[in-house]
Trainee: 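Just dropping this structure here.
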Amino acid sequence: MPSACYLAWQLSTSVLPPSRFEELTTGRPRAELAPLLPARAYPYPSDQARSASRPPEARCEFYRSGRGLLNEVDLYRLCWSGDTLLTKDTVPADHP
């Protein structure tokens, strides 16, 4: 049971609401964007999401777009160069 609680905590603390995602502007430093970001990045993006093309030498983080714990949700991908936001995009959920 503790592992289920930990997983629920991980999923719920990595949600970036759509309205906040829209507020993120590329070219801005992380320090300015930090108040809009959730406590943590989503630790389990799919292999497809991880392997999507990205800017050279960028570090990408993923965030969940919704709180649903039992269903797939779109992911938001933020790619950083140092502390500057280079790109932001949506990785659609694999809906059956």
Side-chain angles (χ1 to χ4, degrees):
M1 186 67 136
S3 60
C5 292
Y6 181 68
L7 177 60
W9 174 80
Q10 286 182 316
L11 296 178
S12 64
T13 59
S14 62
V15 174
L16 178 60
S19 60
R20 287 201 174 169
F21 177 75
E22 292 303 319
E23 290 181 56
L24 300 174
T25 305
T26 58
R28 290 182 59 199
R30 187 179 196 102
E32 288 180 20
L33 300 175
L36 301 173
L37 299 175
R40 56 186 284 114
Y42 178 57
Y44 309 114
S46 68
D47 290 340
Q48 174 187 351
R50 286 184 194 272
S51 65
S53 66
R54 64 181 66 190
E57 300 187 31
R59 183 186 82 260
C60 298
E61 299 170 346
F62 296 87
Y63 297 91
R64 293 172 46 85
S65 63
R67 295 195 179 279
L69 299 180
L70 299 178
N71 56 334
E72 291 291 320
V73 297
D74 293 342
L75 295 179
Y76 294 135
R77 183 178 75 159
L78 306 179
C79 295
W80 305 85
S81 175
D83 284 335
T84 302
L85 181 60
L86 288 181
T87 63
K88 67 177 202 174
D89 57 348
T90 302
V91 178
D94 294 328
H95 296 291

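Only this structure's heavy atoms are used, side chains among them; waters, hydrogens and symmetry mates stay out.
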Trainee: Can you name the closest pair of heavy atoms from Tyr63 and Ala41 and give their distance?
Mentor: CE2-CA, 3.5 Å
Trainee: Walk me through it: do Leu37 and Leu78 pass the test side-chain contact (heavy atoms from CB on, under 4.5 Å)?
Mentor: CA-CA 10 Å; Leu37 299 175; Leu78 306 179; 3.6 Å; yes
Trainee: Which atom pair, heavy atoms only, marks the closest approach of Asp74 to Ser65?
Mentor: O-OG, 2.7 Å
Trainee: List in chain and number order the residues that pass side chain to side chain donor-acceptor pair (under 3.5 Å) with Arg59, two or more places apart in sequence or in another chain; answer none if no residue qualifies.
Mentor: none
Trainee: What pair of heavy atoms forms the shortest contact from Pro38 to Leu16, and how long is it?
Mentor: CD-CD1, 3.9 Å
Trainee: Could you grab the distance from atom OG of Ser14 to atom OH of Tyr44, nearest 0.5 Å is fine?
Mentor: 9.5 Å
Trainee: Between Pro55 and Leu86, which heavy-atom pair has the shortest distance, and what is it?
Mentor: CB-CD1, 4.0 Å
Trainee: Output all residues satisfying side chain to side chain contact (heavy atoms under 4.5 Å, CB included) with Thr25, sequence neighbours left out; order by chain, then residue number.
Mentor: Arg28
Trainee: Holding to side chain to side chain donor-acceptor pair (under 3.5 Å), I want the full list of residues that pass it with Glu23, two or more places apart in sequence or in another chain.
Mentor: none
Trainee: Only pairs at least two apart or in different chains count here, so list each side-chain hydrogen bond (donor to acceptor under 3.5 Å, both in side chains) that has a residue in residues 77-93.
Mentor: Glu61-Trp80, Arg77-Asp89
Trainee: What residues form a side chain to side chain donor-acceptor pair (under 3.5 Å) with Arg20, not counting sequence neighbours?
Mentor: none
Trainee: Which atoms form the tightest heavy-atom contact between Gly66 and Val15, and what is the distance?
Mentor: O-CG2, 3.4 Å
Trainee: To the nearest 0.5 Å, what is the distance between CZ (Arg54) and SG (Cys60)?
Mentor: 4.0 Å
Trainee: Could I get the full list of ring-ring contact (aromatic ring centres under 6.0 Å, His included) partners for Tyr76, not counting sequence neighbours?
Mentor: Phe21
